[in-house]
Amino acid sequence: MRLMQNMITISEYPSTSEGPGPHRVVKIAVIGGSGVGKTALVVRFLTRRFIGDYERNAGNLYSREVQVDGEQVAVQVQDTPGVEMSSNADHVPRSVQWADAVVLVYSVADRSSFDLMAGLHRRVEAARAAGGAPPAPVILLANKSDLTHLRRVEPQQGPLLAAALGCSFYELSASEDYSQVHGAFHRLCGELTKRPASSSSSSSSSSSSSSSSSVASNGNSEKRRSPLIPRPKSPNMQDLKRRFRQALSAKVRTATSV
Ligand SMILES: Nc1nc2c(ncn2[C@@H]2O[C@H](COP(=O)(O)OP(=O)(O)OP(=O)(O)O)[C@@H](O)[C@H]2O)c(=O)[nH]1
């Protein structure tokens, strides 16, 4: 369903809607505790806008076509529910097995979100092994670096953990710095495009265009439904559409006022 004139669309979960297409697809799962800024990071990367309000996310999939090292790439980002909040314990292994790469996120202002990271990394590795998938690149993101007065995780702890886990590490602020967020995701996309395409990652939806973004709810039972069957309007999708409209209308206003 078309949401806005500027090609923001609501679509089905892409693993069911991919058809033959010209572009490479890279799939990234974003995982971490609740409220650490996963949605804010994903939306910041895809739209440049920062979402200031907080609404709990039940698992959404976003996609956008971007240029990576001169190549048109369809980036799909799975924004998973906070691991400690989810009633569905399956969502981490499902997302990890679907993805080509994993982004683990904690907030520097939330010690418990940092303490989840090592265990989550183990779950990522176990899920890949159980699914027969090769190890995936994992990056560790320390978000909310702007909250210096609320810091609960010391700056050196993130890099130490990342080194122990064999991950890349970025400390950044989704609210303050788009370029850091873009840089982290973009480098990961670049790394993925240098790898041989997996069979599920070599094409994209034929309806995509170079300026398109889309978002789909990742409800468990809906995941494998035909793209032709209309998705029920869950409150979560309504919230998401509203947040997208908010973020993008500001973008359109900026563009038209220049
Ligand atoms: N100060 C600050 N706030 C941020 C930053 N990133 C996100 N937030 C805020 O943190 C809150 C939670 O952000 P979300 O993106 O919804 O967090 P989430 O990880 O998706 O949360 P769940 O949906 O519960 O999994 C929101 O109020 C955001 O505005 C940041 O870099 N700095």
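Remember, it's 1-based here, ligands and their atoms both numbered in the order they're listed.
- Heavy-atom contacts of A40 reach the following atoms of ligand 1: 6 (N), 7 (C), 15 (O) (cutoff under 4.0 Å).
- For ligand 1, the polar-atom distance check finds an N/O of K144 within less than 3.5 Å of one of the ligand's N/O atoms.
- Residue L41 does not touch ligand 1, judged by heavy-atom distances below 4.0 Å.
- Counting heavy atoms closer than 4.0 Å to ligand 1, residue D146 contributes side-chain atoms (C-beta onward) but none from N, CA, C or O.
- Residue-ligand proximity, L147 to ligand 1, at heavy-atom distances under 4.0 Å covers atoms 1 (N).
- Between N143 and ligand 1, a contact under 3.5 Å exists for at least one N or O pair.
- Linking Ile, Leu, Val, Met, Phe, Trp and Tyr whenever their side-chain heavy atoms come within less than 4.5 Å leaves V153 and L147 in two separate clusters.
- Residues Y178 and R49 bring no donor and acceptor atom of their side chains to less than 3.5 Å of each other.
- With ligand atoms numbered from 1 in the order given, ligand 1 contributes 25 (O) to contacts under 4.0 Å with heavy atoms of G82.
- Considering backbone and side-chain N/O atoms, I51 comes within less than 3.5 Å of an N/O atom of ligand 1.
- Between S145 and ligand 1, no N or O atom pair is found at a separation short of 3.5 Å.
- Considering both main-chain and side-chain atoms, P81 never comes within under 3.5 Å of ligand 1 through any nitrogen or oxygen pair.
- Residue R122 qualifies as open at atom CZ: its count of foreign heavy atoms under 6.0 Å is 12 or below.
- The distance from ligand 1 to the heavy atoms of R56 drops below 4.0 Å at these ligand atoms: 23 (O), 24 (O).
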Hey, mind stepping through Q76 and V25 against side chain to side chain contact (heavy atoms under 4.5 Å, CB included) and telling me if it holds?
CA-CA 7 Å; Q76 300 182 345; V25 181; 3.6 Å; yes

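- Of all the atoms in ligand 1, the ones that sit under 4.0 Å from a non-hydrogen atom of G52 are 27 (O), 29 (O).
- The backbone N or O of Q78 sits nowhere less than 3.5 Å from a side-chain atom of K38 that would complete a donor-acceptor pair.
- Of all the atoms in ligand 1, the ones that sit under 4.0 Å from a non-hydrogen atom of S175 are 2 (C), 30 (C), 31 (O), 32 (N).
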Intermediate values then yes/no, salt bridge (Lys or Arg N to Asp or Glu O under 4.0 Å), D69 and K194:
CA-CA 10 Å; D69 299 332; K194 289 185 186 73; 3.5 Å; yes

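- In the model, S107 has no side-chain atom that pairs as donor or acceptor with a side-chain atom of N143 under 3.5 Å.
- In summary, the side chains of Q157 and R152 do not present any donor paired with an acceptor at a separation below 3.5 Å, with no hydrogens or angles considered.
- By the 30° and 60° cut-offs, the orientation of the rings of H182 relative to F45 is tilted.
- Exactly one residue among V105, V181, V77 makes a side chain to side chain contact (heavy atoms under 4.5 Å, CB included) with V42. That residue is V77.
- The nearest non-hydrogen atom to atom 22 (P) of ligand 1, considering only G33, G32, G35, comes from G35.
- Every atom of ligand 1 is numbered from 1 in the order shown, and the set under 4.0 Å from a heavy atom of K38 is 15 (O), 17 (O), 18 (P), 19 (O), 20 (O), 21 (O), 22 (P), 25 (O).
- For D53, the heavy-atom gap to ligand 1 drops under 4.0 angstrom.
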